[in-house]
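Before we start, here is the structure in question, set down as structure tokens.
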Amino acid sequence: MDLKDKSAGGAIIAAAPGRIDLSNADQFQVALSASLAKAGTALVLDLSAADLITSGGFRVLVIVQKASKAQNKSFAITSLRPLVKEVYDIGGFKHLLVVFDTVHDAVAKLDPDSLPGLDAP
Amino acid sequence: MKVTFWGTRGSLPTPLGARSVRKKLVNALVKAAGKNLDTPEKADAFCEQELSFAEAGTFGGNSSCVQVDVGGPDYLICDLGSGVREFSLAAIARHGPKAPQTYHILVSHVHWDHIMGFPFFIPCFIPGNKVIIYSCHDKFEQAIRGQNHEPCFPVEFTALGATIEFVKMEIDKPYDIAGAKVTGTPQMHGNDSYGYRIEKDGKTVVYTTDSEHKPEDRAEMERAAKFFRHADLVIFDAMYSLADSVSMKEDWGHSSNVMGVELCQMAGARKLCLFHHEPVYDDARLEGVFKETIRFEEITRADKKLEVAIAYDGLVLEI
Ligand SMILES: [Zn+2]
Ligand SMILES: [Zn+2]
């Protein structure tokens, strides 16, 4: 699975696929863990293309969140579509997974030093 | 088939306290302000039409006990939680204490909340009654006998007047119990637990509580979905939120409403009933979980609609 990683300073911006469920959660976990390994300071997962995330997908987000903490890095998800936001609320993830409206907001908060890299053409 | 829920709370009985009752009263009185509720009928209609279930009632606090009426003369019950006392009072009120009955009881496992009602299961005290207790669990006979024993209980098991038998079931093997076909399956839970698939006249009820399902264990999910296949009703351990079940409470042996929906969708089941409620949740929170589960089913529905219900002490579902 290709998460189209982009780097901005020490941050990695990854883009989630259209659907993450039990059928592709394993590949998603491998790919997102690889993105985390590449990140120096922060991993931001852009969910703007994700129509639906079910239990398998959210579990991976929690695992990567824990791994990022262990590696002293930050992790956040951004740009949740309305249905994904609903599942996030229903699943009770607000104390576990940090959400930002946009990738820009996430980088500005988690790793402001990397912001110029994000804004560069 | 008809399913009656006598106890629906997980882990331990959870009575509604004075403060909760007062809160409900205050809320109802404020909502009724200015309305002319001067007869019991008008007040009852107000409760029915203007208040939510959580505002006007309660999910109840008895621990696991579910009666499955499969149409025959004998009783069939799942688990001996504190709810079994209420069941036994209703059964005795129906027949009178002197008419002997046969009670078939399926035991999921022997954690306290699932057997604690047995010492107060009145039919056991009455000679002429027959009580047959079934389980796939290795230690169910030892645990149930051990409960009726000093210093924990003053009536010894051997002093009980009814004829009591224990039947150790093998997993995956169908048994004829109370006229229904009953099959047991192992579940992921500390000290083991077992789910039961009950089939009669083309209808199927699955009783599956105290069971953890892990989204990363695809093979186990598929095995569970096969056990639930095309069930008319799946009574499901939905104690935790999905977030808790994959983080802090991982490996605590319980599942979530979200996993219940996903498994029932995989299984092509007709109806999911949320069960084994978290003792920390109040009525408003449980009502919220119910609404969210209905919404999650809508969001994730592929073709066939899965109906969603939430159990409460006293709920009757016709299947
Ligand atoms: Zn339990
Ligand atoms: Zn248990």
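So that the names make sense, note that chain A is the first sequence line, chain B the second, and so on, each numbered from 1. The figures here come from the full heavy-atom set of this structure, side chains too, leaving out hydrogens, waters and symmetry mates.
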Rounded to the nearest 0.5 Å, how far apart are CD of B:Glu250 and CZ of A:Arg59?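 The CZ atom of A:Arg59 is 6.5 Å from CD of B:Glu250, to the nearest 0.5 Å.
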Please determine which of B:Thr293, B:Val258, B:Leu242, B:Val289 meets the side-chain contact (heavy atoms from CB on, under 4.5 Å) test together with A:Ile90. B:Val258
Who wins among B:Ser256, B:Ala243, B:Ser241, B:Gly288 for the most heavy-atom pairs under 4.5 Å with chain A? B:Ala243
Around atom NZ of A:Lys38, are there more than 12 heavy atoms from other residues, nucleotides or ligands closer than 6.0 Å? yes
With a 4.5 angstrom heavy-atom cut-off, which part of A:Lys66 approaches chain B: side chain, backbone, both or neither? side chain
What I'd like to find out is whether the side chain of B:Val246 reaches to under 4.5 Å of the side chain of A:Phe58, using heavy atoms alone.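 No, side chains not in contact.
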So which of B:Ile299, B:Thr300, B:Val261 actually passes side-chain contact (heavy atoms from CB on, under 4.5 Å) with A:Thr54?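 One option only clears the test, and that one is B:Thr300.
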So, taking the atom named CZ in B:Arg218 and the one named CG in A:Asp26, what distance separates them when rounded to the nearest 0.5 Å? 9.0 Å
Which value, rounded to the nearest 0.5 Å, describes the distance between A:Asp89 atom CG and B:Arg295 atom CZ? 11.5 Å
How far does CD of B:Glu216 sit from CD of A:Gln29, to the nearest 0.5 angstrom? 8.0 Å
Straight-line distance of B:Met266 CE to A:Leu22 CG, nearest 0.5 Å: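 Reported value, rounded in 0.5 Å steps: 6.5 Å.
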Looking at A:Asp101, I want to see if its CG is surrounded by more than 12 non-hydrogen atoms of other residues, nucleotides or ligands under 6.0 Å.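 No - once you tally the heavy atoms of other residues, nucleotides and ligands closer than 6.0 Å, there are 12 at most.
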Nearest 0.5 Å, what's the OG-CD1 distance between B:Ser247 and A:Ile63? 10.5 Å
Using a cut-off of under 4.5 Å on heavy-atom pairs, state which of A:Ser55, A:Gly56, A:Gly92, A:Gly91 scores highest against chain B.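 Top count of heavy-atom pairs under 4.5 Å with chain B: A:Ser55.
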